[in-house]
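Notes to accompany the following structure.
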Amino acid sequence: MITWSYSSLKTFEQCPKKYYHLRVLKDVKDEGSEATFYGQALHKAAEDYIKDGTPIPPKFSYVQPTVDVIKSIPGEKHCEMKLGVRKTESGYEPCDFFAKDVWWRGIGDVVVVQDELAFSLDYKTSKNAKYADLKQLDILAAALFTHFPKVKKIKSALVFVVSNEFVHKEHSAELRDSYFATFEPELDRLATAQETGVWNTNTSPLCRYCPVVSCEHNRKR
């Protein structure tokens, strides 16, 4: 059974060989980068402010207006919400993030539920919204509809905190299964790789940052 997340599937799309070492063999660990650690710290600062009112550290003061807007949204708020979805013969079911039979895992940076309406917000620390991928919002909305069956509409957004850009998309409950189905082609390719044991290498400028240093294309070698 395949257990996946948006980020793990993006890794497979980037390079199946990289996915194989990180997710299957697990003989390589991605230690992250300065940008990764910065993003994690910002997420934590925003979470603490929205949940507990902990002051935003000075180095992240530029996000204060944005998180103030988010904090002012009325409703039941969830920060860094871990979600799991189980796929069965009858459809999709909510499950624990760490359930043994979990099919999909994801984390909602900020989720606000107002009866039949919900808001789903995902922080981005890249410089601008030029390469925004709305499919990330689709899968999270599908999971939220699964966990909150009373919700009929979700207002989703990628929040680019550096450039103060919001990339919006609205999701409807009746389209939930189509949001899940969006990822079927990639999941089929992943399943084929697992069945055949063929994990091809994709070369790109990103090879210089790859943690799989045993690869012949790794520029760290």
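Nothing here was measured: the structure is a model prediction, and the numbers come from that model. Counting from 1, the numbers follow the sequence of the chain as shown.
Here the shortest heavy-atom pairing between Val28 and Pro211 reads CG1-O, 3.5 Å. Nearest heavy-atom pair, Thr146 versus Ala142, reported as atom, atom and distance to 0.1 Å: OG1-O, 2.8 Å. Between Trp199 and Gln194, the closest heavy-atom pair is CH2-CG, 3.6 Å. The heavy-atom pair separating Trp4 from Ile139 by the smallest distance is CH2-CD1, 3.7 Å. For the pair Phe160 and Ser126, the tightest heavy-atom approach, listed with the atom from each and the gap, is CE2-OG, 3.2 Å. Smallest separation of non-hydrogen atoms from Lys127 and Val162: O-CG1, 4.1 Å.
Between Asp122 and Val159, the closest side-chain pair of non-hydrogen atoms is not below 4.5 Å. Counting heavy atoms from C-beta outward, Gln136 and Tyr6 have side chains that approach closer than 4.5 Å. Here the side chains of Val85 and Pro94 are not in contact, with every heavy-atom distance at 4.5 Å or above. Counting heavy atoms from C-beta on, the side chains of Cys215 and His21 never come closer than 4.5 Å. A 4.5 Å side-chain heavy-atom check between Ile154 and Glu170 finds every atom pair outside the cut-off. Considering only heavy atoms from C-beta on, Asn200 stays 4.5 Å or farther from Lys17 through its side chain.
At least one donor-acceptor pair under 3.5 Å links the side chain of Lys77 to the backbone N or O of Lys71. Checking side-chain atoms of Asp133 against main-chain N and O of Lys135 turns up a donor-acceptor pair under 3.5 Å. A distance-only check finds no donor-acceptor pair linking the side chain of Ser61 to the backbone of Pro57 [under 3.5 Å]. Proximity of a side-chain donor or acceptor of Tyr19 to a complementary backbone N or O of Val24 within less than 3.5 Å is not detected. Looking only at distances, a side-chain donor or acceptor of Thr196 sits under 3.5 Å from a matching main-chain atom of Thr192. Thr3 contributes a side-chain N or O that, together with a main-chain N or O of Val102, makes up a donor-acceptor pair within less than 3.5 Å. No donor-acceptor distance shorter than 3.5 angstrom exists from the side chain of Ser172 to the backbone of Leu175, with no hydrogens or angles considered.
Here the CZ-OG1 distance, from Phe60 to Thr66, works out to 13.5 Å after rounding to the nearest 0.5 Å. Of the inter-residue distances, the one linking Cys207 atom SG with Asn202 atom CG reads 8.5 Å to the nearest 0.5 angstrom. Distance check: Lys87 NZ to Asp101 CG gives 13.5 Å after rounding to the nearest 0.5 Å. Of the inter-residue distances, the one linking Arg23 atom CZ with Ser8 atom OG reads 5.0 Å to the nearest 0.5 angstrom. Summarising the geometry, atom OH belonging to Tyr62 is positioned 10.0 Å from atom OG belonging to Ser163; distances are rounded to the nearest 0.5 Å.
For Phe148, the ring-ring contact (aromatic ring centres under 6.0 Å, His included) criterion is met by His78, not counting sequence neighbours. For Asp138, the side chain to side chain donor-acceptor pair (under 3.5 Å) partners at least two apart in sequence or on another chain are Lys169, His171.
A donor-acceptor contact closer than 3.5 angstrom links the side chains of Gln64 and Tyr49. With 3.5 Å as the limit, one finds no donor-acceptor pair spanning the side chains of Lys10 and Gln14.
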Run the side-chain donor-acceptor check on residues 110-118: report pairs under 3.5 Å with partners two or more places apart or on a different chain.
from	atom 1	to	atom 2	distance (Å)
Gln114	NE2	Pro74	O	2.5

Worked check of side chain to side chain contact (heavy atoms under 4.5 Å, CB included) between Leu140 and Leu83: CA-CA 9 Å; Leu140 188 59; Leu83 298 162; 3.6 Å; yes
Residues Leu190, Leu9; criterion side chain to side chain contact (heavy atoms under 4.5 Å, CB included); working and verdict: CA-CA 8 Å; Leu190 175 55; Leu9 202 58; 4.2 Å; yes
For Asp109 and Cys79, what are the C-alpha separation, side-chain angles and deciding distance, and is it a side chain to side chain contact (heavy atoms under 4.5 Å, CB included)? CA-CA 5 Å; Asp109 289 350; Cys79 294; over 6 Å; no
Please evaluate residues Phe97 and Trp104 with respect to the criterion ring pair (Phe, Tyr, Trp, His ring centres under 6.0 Å), reporting the C-alpha separation (whole Å), side-chain torsions for both, the decisive distance (0.1 Å), and the verdict. CA-CA 8 Å; Phe97 187 84; Trp104 172 88; 8.3 Å; no
Could you go step by step and tell me if Val161 and Lys124 meet the side chain to side chain contact (heavy atoms under 4.5 Å, CB included) rule? CA-CA 6 Å; Val161 294; Lys124 296 296 177 187; over 6 Å; no
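Linking ILVMFWY residues whenever their side-chain heavy atoms come closer than 4.5 Å, directly or via other members, leaves Phe119 and Met81 in distinct clusters. Clustering ILVMFWY residues whenever any of their side-chain heavy atoms sit less than 4.5 angstrom apart, transitively, puts Met1 in a cluster other than the one holding Phe98.
Heavy atoms of other residues, nucleotides or ligands lying less than 6.0 angstrom from CD of Glu174 number more than 12.
Relative to the ring axis of Phe145, Arg176 does not place its NZ or CZ within 45° and under 6.0 Å from the centre.
Ring geometry for His168 versus Phe166: interplanar angle under 30°, hence parallel rather than tilted (30 to 60°). Ring orientation note: the planes of His43 and Tyr123 are nearly perpendicular, at an angle over 60° on the 30°/60° scale.
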